Amino acid sequence: MRLSYIIIPHETKLGSTEKLLRKYLDEFYVWFGGCTHYPVTGICKDHTKGLPCEKVEVAVASDTQEHDLFMSMAKEIAVQAGVKELMVQHPNGEILFIEGAN
């Protein structure tokens, strides 16, 4: 098993991500057997005072099909949230910034 995670802002230019977050927490539960999530604060360009976010951690099997599924879900979240990019830890440990729809 490998630890993967995604950081999802609580608010985007499209508004609250609460429903999006709930949808994907349920999907992570179904596809990966569960997840851990908790509030974090992100700091980035245009949000230097801090941006409330949710960190969602998932234990992903070592097989590449689960890696692909996790990364596909991360891309869907980035697009649906309407963000420029989201920070993700790939199951191989690499930190990536997944482009969204902004």
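Bear in mind the structure is a predicted one, so any value in this text is a computation, not a measurement.
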Notebook entry, point to check: Under 6.0 Å from the CD atom of E99, do we count more than 12 heavy atoms belonging to anything else shown?
Noted result: no
Item checked: Heavy-atom closest pair, residues L25 and C35 -> CD2-SG, 3.7 Å
Checklist line | Same apolar cluster (I L V M F W Y, side chains within < 4.5 Å links), L20/F70 | finding: yes
Checklist line | Heavy-atom side-chain proximity of W31 to E66 below 4.5 angstrom | finding: no
Next item on the list: Provide the closest heavy-atom pair for G50 versus I43 in the form atom of the first, atom of the second, distance.
Entry: CA-CG1, 4.0 Å
Note to self: Quick check: is Y38 connected to M87 through a chain of hydrophobic side chains (ILVMFWY, heavy atoms under 4.5 Å apart)?
What the structure shows: yes
Next item on the list: Check step by step if side-chain contact (heavy atoms from CB on, under 4.5 Å) holds for R2 and N92.
Entry: CA-CA 7 Å; R2 302 275 185 162; N92 70 10; 5.9 Å; no
Notebook entry, point to check: Hey, is the main chain of F97 close enough, under 3.5 Å, to the side chain of E85 for a donor-acceptor pair?
Noted result: no
Check: Does L3 offer a backbone N or O that forms a donor-acceptor pair with the side chain of E57 under 3.5 Å?
Finding: no
Notebook entry, point to check: Does the pair V88 and K75 meet the rule for a side-chain contact (heavy atoms from CB on, under 4.5 Å), with working shown?
Noted result: CA-CA 10 Å; V88 174; K75 178 64 177 177; over 6 Å; no
Check: When rounded to the nearest 0.5 angstrom, what is the spacing between CD1 in I6 and CG in L96?
Finding: 10.5 Å
Check: Do F28 and H37 pass the side-chain contact (heavy atoms from CB on, under 4.5 Å) test, and can you show the C-alpha distance, the side-chain angles, and the key distance before you say yes or no?
Finding: CA-CA 11 Å; F28 286 131; H37 67 98; over 6 Å; no
Next item on the list: Please report the closest heavy-atom contact between I8 and V56, naming both atoms and the distance.
Entry: CD1-CG2, 4.2 Å
Check: What are the two closest non-hydrogen atoms of V40 and K55, and how far apart are they?
Finding: CG1-CB, 3.9 Å
Next item on the list: Over all heavy atoms of both residues, which pair between M1 and S62 is shortest? Give the atoms and the distance, please.
Entry: N-OG, 3.7 Å
Next item on the list: Output the distance between atom OG1 (T17) and atom CD (Q80), rounded to the nearest 0.5 Å.
Entry: 11.5 Å
Item checked: Steps toward side-chain contact (heavy atoms from CB on, under 4.5 Å) verdict (Y29, V58) -> CA-CA 9 Å; Y29 165 73; V58 179; over 6 Å; no
Item checked: Distance, nearest 0.5 Å, that separates OG of S4 from NE2 of H67 -> 6.5 Å
Checklist line | Approximate separation, where rounding is to 0.5 Å, of K23 NZ and I77 CD1 | finding: 8.5 Å
Notebook entry, point to check: Nearest 0.5 Å, what's the NE2-CD1 distance between H90 and I98?
Noted result: 8.5 Å
Next item on the list: For the pair T12 (side chain) and V83 (backbone), establish whether a donor and an acceptor sit closer than 3.5 Å, ignoring hydrogens and angles.
Entry: no
Next item on the list: Measure the spacing between CZ of R22 and CG of D26 and express it to the nearest 0.5 Å.
Entry: 5.5 Å
Check: Got L86 and P9 here, is their nearest side-chain heavy-atom distance under 4.5 Å?
Finding: yes
Item checked: Flag for H10-E54: side-chain donor and acceptor within less than 3.5 Å -> yes
Margin query: Please say yes or no: joined through hydrophobic side-chain contacts below 4.5 Å, possibly via intermediate residues, are Y24 and F32 part of one cluster?
Written below: yes
Check: Which pair of heavy atoms, one from E11 and one from S16, lies closest together, and at what distance?
Finding: OE1-N, 3.4 Å
